[in-house]
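Since the structure comes first, as structure tokens, the remarks are kept for the end.
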Amino acid sequence: MPVPASAAHLSTEQIDALGAELDDLRQRTVADLGERDRNYLQQVVRAQRGLEFAGRALLFAGFLPPAWVGGTTALALSKILDNMEIGHNVMHGQYDFLQDPAFQGTAFEWDTACPGDSWRHSHNYRHHTYTNVVGEDRDIGYAVIRIDDAKPWKPSDLGNPIYALLLATFFQYGVMLHDLEVENLVKGKTKWSDTAELRKDMARKVGSQTLKDYVLWPLLTGPSAPLTFAANATANLARNLWSFTIIFCGHFPEGVDTFTKEEAADESRGGWYLRQLLGSANIDGGPLFHLMSGNLSHQIEHHLFPDIPAHRYPEMAVEVREICERYGLPYNTGGLAKQFGSVVSKIVRFALPWSASEPRPRRIRPGPGPSSISTSGPRTSSPCPPPDRGCRASRSLP
């Protein structure tokens with residue numbers, strides 16, 4: 001099997017040992033889950049609801065500029081918390097062990113255009129199972145942006161920066177359309193009729209979000225309705241731009257590896273963990289920054305342990321980083337400006353026809369031959385390494 005150059009120095013035994021160490025870290029963390037995690041989630045939910053209430057209340061006086069600015073800011077922060085630290089993490093099943101129906105990963109809905117079930121399939125299953133596998137992980141460029149040299153250049157890629165700006169601006173709708181796989185519909189690989197149920201769910205969710213943000217809430221504020229409409233649009237834009245920035249910084253800065261189907265086929269637990277390590281990047285910051293990023297500033301740890309409560313990632317990161325150092329593996333991290341600047345640089349570079357590079361070096365290691373990879377998995381799974389795909393942090397509280 002071919003292996004990325006950044007891990008070529010590791011033997012099969014060392015990769016297995018790496019997997020065992022990360023398994024041990026996971027098991028110790030799961031065993032420690034309890035009231036601390038319940039209290040944390042409840043505090044974040046209270047903060048999110050408080051910000052939303054404050055934002056909505058201030059917008060009743062939105063004709064006063066300070067009230068409009070304050071209300072819009074509070075509403076934007078509320079939406080960011082709802083999507084990133086609550087919705088994203090709850091829908092990964094991170095809090096299923098609480099056995100609280102309000103925070104059950106398979107049923108939770110969030111304040112955004114993408115239906116929960118659609119996201120659970122495109123993100124939880126497709127992305128987290130086949131992280132950075134070219135041709136399987138559709139999050140590589142979101143089928144819109146050329147962000148890797150494995151994708152052949154074509155003239156339309158000159159629009160890369162424009163596509164990225166549009167995706168950032170309308171990110172909630174880009175995420176919604178992701179599971180529709182529009183490119184396969186255009187190419188005739190998927191029939192339009194096959195997507196009827198999915199499109200119905202999307203229309204229902206977009207309709208309810210539009211009605212709430214752009215009709216009902218504005219009307220409730222009476223004469224201030226146009227100002228409330230503008231405040232809701234601004235809050236949604238702020239949430240979209242922030243989500244795009246954090247997610248792209250965790251997946252696409254320089255130094256993040258991509259993989260072929262052959263490299264991902266029949267991989268061991270250690271091999272799966274290794275792919276997550278090499279295919280992710282972190283963003284340095286303080287506690288407030290990590291909170292507002294949904295702790296996706298620890299994207300490495302999130303890809304390693306997607307169903308562990310994300311607020312545990314900062315403490316887990318200390319051990320993950322030490323493990324990487326011992327095994328001679330890169331631990332890709334940097335400040336927000338550095339990581340986002342790197343992403344922007346790649347978006348611009350890969351828009352150009354001369355951006356194609358020589359194939360990256362791979363070491364050939366004996367191993368099982370490639371096998372087919374199924375991408376029609378469940379719409380509610382949150383993967384762990386093989387052979388335990390679909391597992392969750394299963395310890396439950398009494």
Side-chain angles (χ1 to χ4, degrees), residues 82-84 86-94 104-148 151 163-164 166-210 236 239-240 243-244 246-248 250-252 261 264 279 294 296 299 302-303 306-307 373-383 389-390 392:
D82 173 90
N83 281 194
M84 303 198 76
I86 301 172
H88 171 273
N89 295 333
V90 168
M91 288 197 292
H92 262 295
Q94 293 179 4
Q104 197 68 26
T106 56
F108 193 85
E109 274 295 342
W110 51 356
D111 180 20
T112 190
C114 182
D117 279 348
S118 175
W119 184 88
R120 279 182 277 266
H121 178 254
S122 63
H123 182 82
N124 281 19
Y125 178 71
R126 287 291 295 268
H127 172 58
H128 275 277
T129 302
Y130 306 111
T131 309
N132 279 25
V133 177
V134 176
E136 299 295 349
D137 182 3
R138 298 182 62 259
D139 280 22
I140 301 176
Y142 283 76
V144 175
I145 304 167
R146 183 173 184 258
I147 200 74
D148 188 84
K151 181 181 179 182
Y163 308 150
L166 289 172
L167 179 61
T169 302
F170 302 102
F171 195 58
Q172 65 168 327
Y173 301 107
V175 172
M176 177 199 69
L177 291 171
H178 202 38
D179 203 31
L180 193 58
E181 301 186 10
V182 175
E183 70 279 11
N184 288 332
L185 288 170
V186 172
K187 295 175 183 177
K189 294 182 179 179
T190 304
K191 294 180 180 179
W192 189 251
S193 58
D194 294 338
T195 66
E197 194 62 34
L198 181 58
R199 285 185 286 113
K200 190 182 300 182
D201 289 343
M202 290 177 178
R204 187 183 303 117
K205 189 67 190 292
V206 170
S208 66
Q209 289 294 120
T210 302
N236 281 328
R239 182 269 317 279
N240 289 348
S243 301
F244 172 92
I246 295 299
I247 290 167
F248 269 58
H251 293 84
F252 306 124
K261 294 179 184 180
L296 293 179
Q299 192 69 233
H302 177 57
H303 277 158
D307 62 345
I373 299 178
S374 169
T375 57
S376 58
R379 305 184 72 82
T380 57
S381 60
S382 184
R389 293 206 193 280
R392 296 181 183 276

So how far is it from Ser243 OG to Leu296 CG, rounded to the nearest 0.5 Å?
9.0 Å
According to the interplanar angle, ranging from 0 to 90°, do the rings of Phe252 and Phe248 count as parallel (below 30°), tilted (30 to 60°) or perpendicular (above 60°)?
perpendicular
Restricting to non-hydrogen atoms, name the atom on Thr112 and the atom on Lys205 that form the minimum distance, rounded to 0.1 Å.
O-NZ, 2.8 Å
Any sub-3.5 Å donor-acceptor pair from Trp192's side-chain atoms to Ala196's backbone N or O?
no
Indicate yes or no for a side-chain donor-acceptor contact from Gln94 to the backbone of Asp307 under 3.5 Å, with no hydrogens or angles considered.
no
Side chain of Gln209, backbone of Ala113: donor and acceptor closer than 3.5 Å?
no
Does a side-chain heavy-atom distance below 4.5 Å link Tyr173 with Leu166?
no
Which heavy atom of Asp139 sits nearest to which heavy atom of His178, and what is that distance?
OD1-NE2, 2.7 Å
Just by modelled atom types, is the Val206 backbone N or O under 3.5 Å from a matching donor or acceptor in the Thr210 side chain?
yes
When you check the gap from the basic side-chain N to the acidic O, do Lys189 and Glu181 get nearer than 4.0 Å?
no
Output the distance between atom CG (Asn83) and atom CG (Asn89), rounded to the nearest 0.5 Å.
11.0 Å
Residues Asp148 and Lys151 bridged, charged N to O under 4.0 Å:
no
Under a 3.5 Å distance rule, please check whether Asn132 uses its side chain to pair with a backbone N or O of Gly279 as donor and acceptor.
yes
Can you confirm whether Trp110 sits close enough to Val90 that some side-chain heavy atom of one is under 4.5 Å from a side-chain heavy atom of the other?
no
How far apart are the closest heavy atoms of Met91 and Trp119, and which atoms are they?
CB-CZ3, 3.6 Å
Just wondering, do Arg120 and Tyr125 contact through their side chains at under 4.5 Å, heavy atoms?
no
Does any part of the side chain of Arg138, heavy atoms only, come nearer than 4.5 Å to the side chain of Ser122, both counted from C-beta?
no
Is any side-chain heavy atom of Phe171 closer than 4.5 Å to a side-chain heavy atom of Val175?
yes
Do Met176 and Ser118 touch side chain to side chain, with heavy atoms closer than 4.5 Å?
no
Stepwise side chain to side chain donor-acceptor pair (under 3.5 Å) check, Thr195 with Arg199
CA-CA 6 Å; Thr195 66; Arg199 285 185 286 113; 2.8 Å; yes
Among His128, His123, His302, His127, which one satisfies ring pair (Phe, Tyr, Trp, His ring centres under 6.0 Å) with His251?
His127
Considering all heavy atoms of both residues, which atom of Met202 and which atom of Leu177 are nearest to each other, and what is their separation?
CE-CA, 4.3 Å
If you apply the rule side-chain contact (heavy atoms from CB on, under 4.5 Å), what do you find for Ile147 with Ile140, and how did you get there?
CA-CA 7 Å; Ile147 200 74; Ile140 301 176; 3.8 Å; yes
To the closest 0.5 Å, what do you measure between CD (Gln104) and CZ (Phe108)?
11.5 Å
Parallel, tilted or perpendicular: rings of His88 and His92 (30°, 60°):
perpendicular
Close side-chain approach of Leu185 and Leu180, heavy atoms under 4.5 Å:
yes
